[in-house]
Amino acid sequence: MGRDAMDGAGADDSHLVLVGLMGAGKTTVGYQCAKRLGRPFVDTDDLVQTAAGMTVAELFAVSGEGRFRAMEREAVADACASPTPAVIACGGGAVLHADNRKRLQSCGFVVWLQAPPEVLADRVGAGMQRAERPLLAGGPASTLERLGAVRAGAYEAVADAVVDTEGRSVDEVVGAVLEVYPQ
Ligand code: S3P
(Lines give C-alpha, C1' and ligand atoms only; values in the text may rest on other atoms or scores of the structure.)
Protein backbone atom coordinates (compact mmCIF):
# COMPACT_ATOMS: atom_id res chain seq x y z
CA MET A 1 0.00 0.00 0.00
CA GLY A 2 0.93 3.64 -0.28
CA ARG A 3 4.35 4.89 -1.21
CA ASP A 4 5.80 3.61 -4.41
CA ALA A 5 7.88 4.96 -7.23
CA MET A 6 6.04 8.29 -7.03
CA ASP A 7 7.59 9.00 -3.68
CA GLY A 8 10.74 10.98 -3.66
CA ALA A 9 12.44 14.02 -5.07
CA GLY A 10 10.50 17.22 -4.75
CA ALA A 11 7.67 15.63 -2.79
CA ASP A 12 6.04 18.00 -0.33
CA ASP A 13 4.50 15.77 2.32
CA SER A 14 2.78 18.53 4.22
CA HIS A 15 -0.94 17.85 3.76
CA LEU A 16 -3.23 15.37 5.48
CA VAL A 17 -5.41 13.83 2.74
CA LEU A 18 -8.61 11.85 3.28
CA VAL A 19 -9.96 9.47 0.63
CA GLY A 20 -12.77 6.92 0.59
CA LEU A 21 -16.23 6.28 -0.74
CA MET A 22 -19.22 8.58 -0.38
CA GLY A 23 -20.43 8.39 3.22
CA ALA A 24 -17.00 7.52 4.60
CA GLY A 25 -16.98 10.80 6.55
CA LYS A 26 -14.18 12.58 4.70
CA THR A 27 -15.74 16.04 4.99
CA THR A 28 -16.97 15.76 8.60
CA VAL A 29 -13.82 14.06 9.86
CA GLY A 30 -11.54 16.25 7.75
CA TYR A 31 -13.09 19.44 9.09
CA GLN A 32 -12.61 18.28 12.68
CA CYS A 33 -9.03 17.15 12.00
CA ALA A 34 -8.29 20.59 10.54
CA LYS A 35 -9.70 22.25 13.64
CA ARG A 36 -7.61 20.05 15.91
CA LEU A 37 -4.47 20.67 13.86
CA GLY A 38 -5.16 24.40 13.47
CA ARG A 39 -5.05 24.11 9.69
CA PRO A 40 -7.23 25.14 6.77
CA PHE A 41 -9.74 22.57 5.54
CA VAL A 42 -10.13 22.03 1.79
CA ASP A 43 -12.81 19.89 0.15
CA THR A 44 -12.25 19.18 -3.54
CA ASP A 45 -16.01 19.13 -4.19
CA ASP A 46 -16.24 22.65 -2.75
CA LEU A 47 -13.43 23.83 -5.03
CA VAL A 48 -15.24 22.34 -8.04
CA GLN A 49 -18.55 23.90 -7.00
CA THR A 50 -16.97 27.33 -6.56
CA ALA A 51 -15.19 27.12 -9.92
CA ALA A 52 -18.31 25.87 -11.71
CA GLY A 53 -20.72 28.23 -9.95
CA MET A 54 -23.11 25.33 -9.40
CA THR A 55 -23.50 22.23 -7.26
CA VAL A 56 -21.87 18.92 -8.16
CA ALA A 57 -25.30 17.49 -9.00
CA GLU A 58 -26.04 20.42 -11.31
CA LEU A 59 -22.63 20.09 -12.96
CA PHE A 60 -23.24 16.38 -13.65
CA ALA A 61 -26.68 17.22 -15.08
CA VAL A 62 -25.56 20.19 -17.19
CA SER A 63 -22.10 19.14 -18.40
CA GLY A 64 -21.75 15.44 -17.56
CA GLU A 65 -19.41 13.42 -15.37
CA GLY A 66 -16.45 13.93 -17.75
CA ARG A 67 -16.50 17.69 -17.18
CA PHE A 68 -16.85 17.14 -13.43
CA ARG A 69 -13.81 14.81 -13.42
CA ALA A 70 -11.73 17.34 -15.39
CA MET A 71 -12.62 20.06 -12.90
CA GLU A 72 -11.92 17.64 -10.05
CA ARG A 73 -8.40 17.09 -11.40
CA GLU A 74 -7.84 20.85 -11.35
CA ALA A 75 -9.24 21.01 -7.81
CA VAL A 76 -6.89 18.25 -6.62
CA ALA A 77 -3.93 19.99 -8.25
CA ASP A 78 -4.87 23.33 -6.64
CA ALA A 79 -5.40 21.78 -3.21
CA CYS A 80 -2.09 19.90 -3.35
CA ALA A 81 -0.25 23.03 -4.50
CA SER A 82 -1.37 25.06 -1.49
CA PRO A 83 1.77 26.23 0.34
CA THR A 84 0.00 26.12 3.70
CA PRO A 85 -0.27 22.61 5.16
CA ALA A 86 -3.96 21.73 5.01
CA VAL A 87 -6.39 18.90 5.52
CA ILE A 88 -7.77 17.86 2.12
CA ALA A 89 -10.99 15.84 1.74
CA CYS A 90 -11.24 14.33 -1.74
CA GLY A 91 -14.44 13.45 -3.58
CA GLY A 92 -14.91 9.69 -3.53
CA GLY A 93 -13.92 9.20 -7.17
CA ALA A 94 -10.86 11.46 -7.21
CA VAL A 95 -8.52 8.49 -6.75
CA LEU A 96 -9.62 6.97 -10.06
CA HIS A 97 -7.33 9.16 -12.14
CA ALA A 98 -3.64 8.30 -12.00
CA ASP A 99 -2.65 12.01 -12.05
CA ASN A 100 -4.67 12.57 -8.90
CA ARG A 101 -3.20 9.55 -7.13
CA LYS A 102 0.30 10.69 -8.02
CA ARG A 103 -0.34 14.23 -6.78
CA LEU A 104 -2.04 13.15 -3.57
CA GLN A 105 0.71 10.71 -2.72
CA SER A 106 3.44 13.23 -3.25
CA CYS A 107 1.76 16.16 -1.49
CA GLY A 108 0.76 14.53 1.75
CA PHE A 109 -0.09 11.61 3.98
CA VAL A 110 -3.15 9.81 2.62
CA VAL A 111 -5.68 8.13 4.91
CA TRP A 112 -8.38 5.84 3.49
CA LEU A 113 -11.57 6.02 5.56
CA GLN A 114 -13.32 2.68 5.24
CA ALA A 115 -16.75 1.26 6.06
CA PRO A 116 -18.91 -1.53 4.62
CA PRO A 117 -21.37 -0.48 1.87
CA GLU A 118 -24.47 -0.84 4.06
CA VAL A 119 -22.96 1.49 6.68
CA LEU A 120 -22.06 4.04 3.98
CA ALA A 121 -25.56 3.75 2.52
CA ASP A 122 -27.12 4.44 5.94
CA ARG A 123 -24.97 7.53 6.33
CA VAL A 124 -25.79 9.04 2.95
CA GLY A 125 -29.47 8.26 3.59
CA ALA A 126 -32.29 8.93 1.19
CA GLY A 127 -32.76 12.70 1.50
CA MET A 128 -30.65 15.70 0.49
CA GLN A 129 -27.39 13.86 1.12
CA ARG A 130 -28.35 11.39 -1.56
CA ALA A 131 -29.83 14.00 -3.92
CA GLU A 132 -26.51 15.86 -3.83
CA ARG A 133 -24.68 12.75 -5.03
CA PRO A 134 -25.66 12.04 -8.63
CA LEU A 135 -23.94 8.65 -8.72
CA LEU A 136 -26.31 7.36 -6.03
CA ALA A 137 -29.47 8.04 -8.01
CA GLY A 138 -29.89 4.33 -8.74
CA GLY A 139 -29.89 3.29 -5.05
CA PRO A 140 -27.15 3.79 -2.47
CA ALA A 141 -26.39 0.32 -1.09
CA SER A 142 -25.94 -1.53 -4.38
CA THR A 143 -24.11 1.39 -5.99
CA LEU A 144 -21.72 1.76 -3.05
CA GLU A 145 -21.03 -1.97 -3.09
CA ARG A 146 -20.22 -1.84 -6.81
CA LEU A 147 -18.11 1.33 -6.49
CA GLY A 148 -16.29 -0.16 -3.51
CA ALA A 149 -15.33 -3.22 -5.54
CA VAL A 150 -14.24 -1.17 -8.54
CA ARG A 151 -12.28 1.39 -6.52
CA ALA A 152 -10.68 -0.69 -3.78
CA GLY A 153 -7.45 -1.07 -5.74
CA ALA A 154 -7.16 2.68 -6.30
CA TYR A 155 -7.75 3.49 -2.62
CA GLU A 156 -5.27 0.83 -1.62
CA ALA A 157 -2.66 2.14 -4.05
CA VAL A 158 -2.87 5.73 -2.85
CA ALA A 159 -3.28 5.21 0.90
CA ASP A 160 -0.52 5.41 3.48
CA ALA A 161 -2.91 4.24 6.20
CA VAL A 162 -6.43 2.84 6.55
CA VAL A 163 -8.88 3.85 9.27
CA ASP A 164 -11.99 1.77 9.88
CA THR A 165 -14.97 4.04 10.62
CA GLU A 166 -17.65 1.40 11.27
CA GLY A 167 -19.26 1.74 14.69
CA ARG A 168 -17.08 4.73 15.60
CA SER A 169 -18.17 8.27 16.42
CA VAL A 170 -16.74 11.22 14.50
CA ASP A 171 -14.50 12.03 17.47
CA GLU A 172 -13.19 8.47 17.57
CA VAL A 173 -12.43 8.50 13.84
CA VAL A 174 -10.71 11.90 14.15
CA GLY A 175 -8.61 10.48 16.99
CA ALA A 176 -7.71 7.40 14.93
CA VAL A 177 -6.73 9.51 11.92
CA LEU A 178 -4.52 11.81 14.00
CA GLU A 179 -2.96 8.77 15.64
CA VAL A 180 -1.82 7.28 12.31
CA TYR A 181 -0.79 10.66 10.92
CA PRO A 182 2.94 11.17 11.52
CA GLN A 183 3.54 14.70 12.83
C1 S3P B 1 -18.31 11.06 -6.10
C2 S3P B 1 -18.30 11.48 -4.79
C3 S3P B 1 -18.79 12.79 -4.35
C4 S3P B 1 -18.67 13.80 -5.51
C5 S3P B 1 -19.35 13.28 -6.74
C6 S3P B 1 -18.76 11.94 -7.21
C7 S3P B 1 -17.79 9.71 -6.44
O8 S3P B 1 -18.02 13.27 -3.25
O9 S3P B 1 -17.33 14.08 -5.78
O10 S3P B 1 -20.73 13.16 -6.47
O11 S3P B 1 -17.49 9.46 -7.62
O12 S3P B 1 -17.65 8.87 -5.51
P13 S3P B 1 -18.15 12.65 -1.76
O14 S3P B 1 -17.33 11.39 -1.73
O15 S3P B 1 -17.56 13.72 -0.89
O16 S3P B 1 -19.59 12.41 -1.51
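First listed ligand is number 1; within each ligand, the first listed atom is number 1. Throughout, numbering of the chain's residues begins at 1 and tracks the sequence.
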Side chains of residues 22-38: which donor-acceptor pairs under 3.5 Å do they make with residues two or more places apart or in other chains?
unit_1, atom_1, unit_2, atom_2, d
Lys26, NZ, Gly20, O, 2.9
Lys26, NZ, Leu21, O, 3.0
Thr27, OG1, Asp43, OD2, 2.7

Using atom types as modelled and distance alone, determine if a side-chain donor or acceptor of Thr44 lies under 3.5 Å from a backbone N or O of Val76.
no
To check your reading of the model: name the closest protein heavy atom to atom 16 (O) of ligand 1, its residue, and the distance in Å.
Arg133 NE, 2.6 Å
Can you confirm whether Leu104 sits close enough to Cys80 that some side-chain heavy atom of one is under 4.5 Å from a side-chain heavy atom of the other?
yes
Of all heavy-atom pairs linking Leu47 and Ala75, the shortest is CD1-O, 3.5 Å
Heavy-atom pairs closer than 4.0 Å: do any link ligand 1 to the side chain of Lys26, the backbone, both, or neither?
side chain
Distance col, row Lys102:NZ vs Cys107:SG, nearest 0.5 angstrom, shows 13.0 Å
Would you kindly specify which portion of Leu135 sits under 4.0 Å from ligand 1, judged on non-hydrogen atoms: side chain, backbone, both or neither?
side chain
As an exercise, identify every atom of ligand 1 less than 4.0 angstrom from a heavy atom of Val56.
5 (C), 10 (O)
Expected output: side-chain His15 to main-chain Ser82 donor-acceptor under 3.5 Å
yes
Enumerated ligand 1 atoms positioned under 4.0 Å from heavy atoms of Arg69
6 (C), 7 (C), 11 (O)
Sub-4.0 Å atoms of ligand 1 with respect to non-hydrogen atoms of Pro134:
10 (O)
Protein heavy atom at shortest distance from atom 8 (O) of ligand 1
Asp45 OD2, 2.8 Å
Is Gly92 in polar range of ligand 1, meaning some N or O pair under 3.5 Å apart?
yes
So which heavy atom in the protein is nearest atom 12 (O) of ligand 1, and how far is it from that ligand atom?
Arg151 NH1, 2.6 Å
Taking side chain as C-beta onward, heavy atoms only, is Leu96 less than 4.5 Å from Arg151?
yes
Is there a heavy atom in Gln49 that sits closer than 4.0 Å to ligand 1?
no
Between the main-chain N or O of Val95 and the side-chain N or O of Asn100, is there a donor-acceptor pair closer than 3.5 Å?
no
Under 4.0 Å, heavy atoms only, figure out whether ligand 1 is touched by the backbone of Glu65, its side chain, both or neither.
neither
